[in-house]
Each structure stands twice: as C-alpha cells, then as structure tokens.
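First up is the structure itself, then whatever we jot down about it.
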Amino acid sequence: MRQAARANAHRPAIVSEERTLDFAGAWQRGVRMANGLRALGVRPGDRVAGLEDNNLGAADLLLGCAIAGAVRVPLYPRNSPGAHAHMVEGTECRVVVCDEHYAASLAETRVEHVLARDGGYERWLAAQDDRDPEIPLAPDDWYVIRHSAGTTGKPKGVAYTQHDWVANCRNWVFPLERLHAGSVVGHAGPISHASGYLFIPGWLCGAANVLFGAFDAGKVLGMIAEHGVSHMFAVPTMVQALSTHPEAAAARATLGSLLIGGAPITDATALHAHEVFGDVMFQIYGQTEAVPLTTMSSAEWFADIEGSEPLRAAGRVIPWARVEIRDEGDNTLPIGEEGEIVAQVEGQMHEFWGDPELTATRLIDGWVHTRDVGRLDENGYLYVLDRVDDMIVSGGFNIWPAELESVIADVPGVVEAAVFGVPDERWGESPMAVVCVSEAGAVAEEQVIAACRERLGSYKKPARVELTTEPLPKSVVGKLLRKQLREPHWAGHERRVSGA
C-alpha cells in the first residue's frame, strides 16, 4: 500500500461526496490516523473497531489501522448496542472509532477509548504526527477480524492475516476486467464489509476508490456517470434498485465489471440487470469463513450450456479453491448429488477468534464446512439449495432464528416462539415468527416486532408474526421443528434459499 501511494502520489485515490484526495493526501491522512491511534496506546496487533458509514472517515481508519499494524474490527451499523459490545469485547478492542451519530449505540460497550468523528475530528486528525511510523509487518500478522454469526446468533470473529487478505482480495478481482491506474472502483456498499474486498486491489493498482455514502440508487447512478466508475460490487437488492431506476442507462457507458454477491439473486433480477447493464455482470459466492469459492462472468451466467442451469447457479469453482459435496458421514458424493458444501481456499479462516470449540465444528482437517446444502454439475457449476442450519439471509445480512426466539420469549404472555425464513420479493428472505401465547389477546403482533427491533436492530425484526395458543411442533426429544413450520411457505420453490 505504501509503494502504491508513492508510485501514484498525484493520481486520485479517494473520492467521497465531500472531496477528492490524491494518493499522497489520502496516505497522509492515514498516517495521521495511525499516529493518533498510537497516541491512544494502540500497538501492532491490538484491535481497533470501526462503526461508520461509507465515507472519508472509513478510508482514514482502513489506512490508519494498516499503517499502525492494528487489527481492524468492522462493526455493523444496523446491529444492536448489545451486538456491538459483544464484538468489541470478544476481540478485546482497545479503541472504537465511530461516526458521531453512532456514539450512543456504543453505550453498552466497555473499551478504553471511543473516538467519535464529531465537529472536531478534522482538527484532531490535523494535529497528529505526519511522519510515517513504517512499522514492519509479517505475512502471518493479523490484519482484520470480520464477524460471522455463530449458531446461537452471537457474532463470531473470523480473522485474516496480512497474507490471507491480499490473497483473498486477489481472488475477488481475478475474473473481472483488469484493474489499472485508470480504473475507478465504486463502493455502493460499505468498504468495512464486502465492498472492501475491492478497495485494496484498487489501491494497489493505482485506481480511484469512490465512496457513494449512504445507498441511494439515483445518487449512485449519478456518481457512476460523473466519476466514470468502471468496477463495482453490489448485493442483489442494490442491483434491483439500480437496474429499475429511470437513470440506469447512465451507468452502462462506464461500467466494465459489476460484481454481485452477498445473497442469492433471482432470475428476474439477474435477467433484467443484464438487459440494462450488458455483459458486465459477474456473480460470486462464499462465506466470511471461506470466500470466494465460485465466480462466473456474464458469458458463463447467461449462456445455454448442456448439463447446466447457469441462471440457478452460484457460479463455477474458482481455480484456487477446492469444493466438494459431502454427506453426513463426511464422505465425498458423486457429481450431481446433494449434500453439504465443504471447501478449501487460500485465505480461508484459521479459527473463530477465541472459540476453539466452534472452530472444531466448522474447520475439519483443513476443510471449511459451510453449512450450506448444494450440488456440483459436470461443468463445475455450484448450486446452493438449502442450509444445514436455520440461518436466514435477508438482503445480504445473516439472521439466526435462535437470537430472535430468545428476545420474543421475554415478551410477557409468550409461551414459546419459532422463527424461520420465508420468501420475500424485495429481500430474498425475511424472518417470520410463529408465537405460542398463553391466551388469545395476551400478546399483540406489534409487541413482538417492537421487542426485536429494540434489542436486535431493525433489520432483524420479523416481517410477519403469527400468534397461536397451540403448542409448537417438536421432535420426540423436544427439539423445535422449525422446518415443519417453514415448509408450507416454500411450496413451489425448487430450492430453500431465495434471492432478491
């Protein structure tokens, strides 16, 4: 990153809604952020959390942590204060850097310092030492900890080393139109999360990274046209909003690669976006624990291929990954048979941070067990058909039923609750809650929704609530049968995962 900053000093590096910085200016801000963190006691290997929008401050922190040798821990703005506290304390962060309007949501978080980007942030940054500390780093030093939900709904940290992150990002961009110093990478999603896999490759190639801020389809399309965005990542809900916007055609003149992932995409959304944007679309599949595992270009995605259904596929296995389908006994199944997707890829998880027991259930003999059910065809296309666990993917966000059920059970009058995913036209899937109450009228649907919204965040609240006085179905050993309640809602669907 330092080498790229020197070689491209006067090229545009960061474009935000407020200003444009060249590489020299962006790197200097990163150096000042690094030294500001060091002044707060942060040393190489220490964890620093960030809770921020897609703005210039997010770029400051990404660069500053790298320069300081600090391990960045991105937080999710839509998470609850309790989830923030769990992620920060579970990774033993020393500092949290946040946009000012998120400071209140850190009230439950115990940490040495909270650095809020208020009206004095620019003065604080300018006052820090501008000398690059040039801290030596090894390939096996930790770089970032991203969180993935555990089976109980509590976020689990997945750590990447310096080497792993570079290898991972390389794999994200390998199928795309080649990045170079004239490229412009647009970030419709936050660089703290999936879109960040394109930030470092763009920086290393001398390309500009454009931060669109809060997602708005019209604004994003306008900035794509204004800045000549050539590469972009988007989740399916964003693709649907962009492709159906009246100004969508403006993006076609500049976009060379539109990478889509984070959740399944419907045939209708994919076909319409292809019609609007042309042969610039690429799909990617993987998990925080192992990503990417598959990709496919428009030529592979929208083709008529004997023995395959590309529109229904998650892509073809990348050259640097091994993907197998296995049965419950961990035996590899023949092509065409359904089972759990297991994988190996450079840059995959080493462990769940601080949780060796969970690590042992997901990382077995060097293979990551994804907990997704799928099959491979004779042409190398992978199809994701269901989930071994009960996880719901809504608009690209992972939601675990157990977390909602625990909150709902605390509502007075509730006897028990079951939460499961049902198809949703906009988000792909949404949580639905079936709630057994003590007597008719004891609980209102809005009480259930409000409790989840308040304790877990708005995106985790159930979209539908069904109240009943009948006991919920259970197995002979008393286990809640979510799938039995879920099945009627998926009647007529070929697979038990849905796209946006």
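Since the structure is predicted, the reported quantities are computational estimates derived from the model, not experimental observations.
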Q | Arg146 side chain to Pro74 backbone, donor-acceptor under 3.5 Å | A | no

Q) Any salt bridge between Lys474 and Glu416, counting N to O under 4.0 Å? A) yes

Q.
Please check: side-chain N/O of Ser394 versus main-chain N/O of Glu429, any donor-acceptor pairing under 3.5 Å?
A. yes

Q. Is the shortest heavy-atom distance from the side chain of Pro462 to the side chain of Val419 under 4.5 Å?
A. no

Q | Any side-chain donor near an acceptor of the partner, Gln240 and Thr237, under 3.5 Å | A | no

Q: Measure the shortest side-chain to side-chain distance between Val229 and Met223 over non-hydrogen atoms and say whether it is less than 4.5 angstrom.
A: no

Q) Stepwise, does the side chain to side chain contact (heavy atoms under 4.5 Å, CB included) test hold for Ile260 with Ile265? A) CA-CA 9 Å; Ile260 301 165; Ile265 186 169; 4.1 Å; yes

Q) Is a side-chain donor or acceptor of Thr361 paired with a backbone partner of Leu358 at a separation under 3.5 angstrom? A) yes

Q.
For a salt bridge (charged side-chain N to carboxylate O under 4.0 Å, His left out) check, start with the C-alpha distance between Glu340 and Arg326, then their side-chain angles and the critical distance, and finish with the verdict.
A. CA-CA 5 Å; Glu340 184 182 3; Arg326 297 189 185 174; over 6 Å; no

**Q.** Shortest non-hydrogen contact between Leu472 and Ala418, atoms and distance
**A.** CD1-N, 3.6 Å

Q. Are any non-hydrogen side-chain atoms of Val111 and His113 less than 4.5 angstrom apart?
A. no

Q: Go through the steps for Tyr160 and His350 under the test ring pair (Phe, Tyr, Trp, His ring centres under 6.0 Å), then give the verdict.
A: CA-CA 8 Å; Tyr160 290 89; His350 292 274; 8.9 Å; no

Q) Closest heavy-atom contact between Asp372 and Gln287? A) OD2-NE2, 3.4 Å

Q | Pair Trp353 and Trp142, ring centroids less than 6.0 Å apart | A | yes

**Q.** Note, Met232 side chain near Leu255 side chain (heavy atom, < 4.5 Å)
**A.** yes

Q) If you look at every heavy atom in Glu346 and Asn171, which pair is closest and at what distance? A) O-ND2, 4.1 Å

Q: Could I get the full list of ring pair (Phe, Tyr, Trp, His ring centres under 6.0 Å) partners for His101, not counting sequence neighbours?
A: none

Q: Go through the steps to decide whether Gln344 and Val368 satisfy the test side chain to side chain contact (heavy atoms under 4.5 Å, CB included), and finish with yes or no.
A: CA-CA 6 Å; Gln344 288 183 328; Val368 175; over 6 Å; no

(Q) Among residues at least two apart in sequence or on other chains, which ones pass ring pair (Phe, Tyr, Trp, His ring centres under 6.0 Å) with Tyr383? (A) none

Q) Are any of the side-chain heavy atoms of Thr370 and Val342 separated by less than 4.5 Å? A) no

Q: Answer yes or no: is there a donor N or O on one side and an acceptor on the other, between the side chain of Thr359 and the main chain of Phe352, under 3.5 Å?
A: yes

Q: Look up atom CD in Glu337 and atom OG1 in Thr332, then write down how far apart they are to the nearest 0.5 Å.
A: 11.5 Å

Q) Is the cationic atom of Arg362 (NZ for Lys, CZ for Arg) positioned less than 6.0 Å from the six-membered ring centroid of Trp367 and within 45 degrees of its normal? A) no

Q.
Are there over 12 heavy-atom neighbours, none belonging to Glu112, within less than 6.0 Å of that residue's CD?
A. yes

Q) Angle class for the Phe174/Trp320 ring planes (parallel below 30°, perpendicular above 60°, tilted otherwise)? A) perpendicular

Q.
Using modelled atom types and a 3.5 Å cut-off, is there a donor and acceptor pairing between side-chain atoms of Asn379 and backbone atoms of Tyr381?
A. no

**Q.** Intermediate values then yes/no, side chain to side chain contact (heavy atoms under 4.5 Å, CB included), Val280 and Ser298
**A.** CA-CA 6 Å; Val280 302; Ser298 291; 5.7 Å; no

Q: State, with a plain yes or no, whether a side-chain heavy atom of Tyr285 is found less than 4.5 Å away from one of Pro292.
A: no

Q) Does Gln484 use its side chain to pair, donor to acceptor, with the backbone of Pro473 at less than 3.5 Å? A) no

Q) Do the non-hydrogen side-chain atoms of Asn331 and Asp327 ever get within less than 4.5 Å of each other? A) yes

Q: Evaluate the ring planes of His274 and Phe302, with Trp represented by its six-membered ring, and classify them as parallel (under 30°), tilted (30 to 60°) or perpendicular (over 60°).
A: parallel

Q: Please check if the side chain of Gln348 supplies one atom and the backbone of Val345 the other of a donor-acceptor pair under 3.5 Å.
A: yes

Q | Whether over 12 other heavy atoms sit under 6.0 Å from Glu487 CD | A | yes

Q.
Strictly distance-based, threshold 3.5 Å: is any side-chain N or O of Arg94 a donor or acceptor partner for the main-chain N or O of Glu92?
A. no

Which pairs would a plain distance check flag for residues 432-454, meaning a side-chain donor or acceptor within less than 3.5 Å of a matching protein atom at least two apart in sequence or in another chain?
unit_1 : atom_1 : unit_2 : atom_2 : d
Gln447 : OE1    : Ala444 : N      : 2.9

Q) Roughly how far apart are Arg375 CZ and Ile325 CD1, rounded to 0.5 Å? A) 9.5 Å

(Q) Run the side-chain hydrogen bond (donor to acceptor under 3.5 Å, both in side chains) test against Asp410 and tell me which residues pass, sequence neighbours left out. (A) Arg455

(Q) For a quick check under 3.5 Å, do Asp377 and Ser308 share a side-chain donor-acceptor pair by atom type? (A) yes

**Q.** Sequence-distant partners of Asp304, side-chain hydrogen bond (donor to acceptor under 3.5 Å, both in side chains), two or more places apart
**A.** none

Q: Locate the shortest heavy-atom distance separating Ile392 from Pro401; write the atom from each residue and the value.
A: CD1-CG, 4.2 Å

**Q.** Pairing residues for Trp172 by the ring pair (Phe, Tyr, Trp, His ring centres under 6.0 Å) criterion, not counting sequence neighbours
**A.** Tyr197, Phe233

Q.
Could you measure the distance from the CD1 atom of Ile200 to the CZ atom of Arg170? Nearest 0.5 Å is fine.
A. 15.0 Å

Q: May I have the step-by-step check of ring pair (Phe, Tyr, Trp, His ring centres under 6.0 Å) for His193 and Tyr76, ending in yes or no?
A: CA-CA 9 Å; His193 293 90; Tyr76 297 78; 4.2 Å; yes

Q | Leu382 side chain reached by Ile341 side chain, heavy atoms, under 4.5 Å | A | yes

Q.
For Trp301, does the six-membered ring have the charged nitrogen or CZ of Arg316 within the cation-pi criterion, i.e. under 6.0 angstrom from the centroid and within 45° of the normal?
A. no

Q) Taking all non-hydrogen atoms of both residues, which atom of Leu61 and which atom of Ala49 are closest, and how far apart? A) CD2-O, 4.2 Å

**Q.** Taking every non-hydrogen atom, the tightest pair across Pro175 and Phe282
**A.** O-CE2, 3.1 Å

Q: Quick one: pull up OG1 in Thr91 and CG in Asp46 and give me the separation to the nearest 0.5 Å.
A: 11.0 Å

Q. Yes or no on salt bridge (charged side-chain N to carboxylate O under 4.0 Å, His left out) for Asp386 and Arg486, after CA distance, side-chain angles and deciding distance?
A. CA-CA 12 Å; Asp386 201 349; Arg486 186 181 70 157; 3.4 Å; yes

Q | Test item: Asn54 side-chain N/O and Ile191 main-chain N/O as donor-acceptor pair under 3.5 Å | A | yes

Q: List the steps, then state whether salt bridge (charged side-chain N to carboxylate O under 4.0 Å, His left out) holds for Glu405 with Arg482.
A: CA-CA 11 Å; Glu405 290 164 357; Arg482 296 191 190 95; 2.7 Å; yes

Q: List the steps, then state whether side chain to side chain contact (heavy atoms under 4.5 Å, CB included) holds for Asp99 with Asn55.
A: CA-CA 9 Å; Asp99 290 341; Asn55 53 32; 2.9 Å; yes

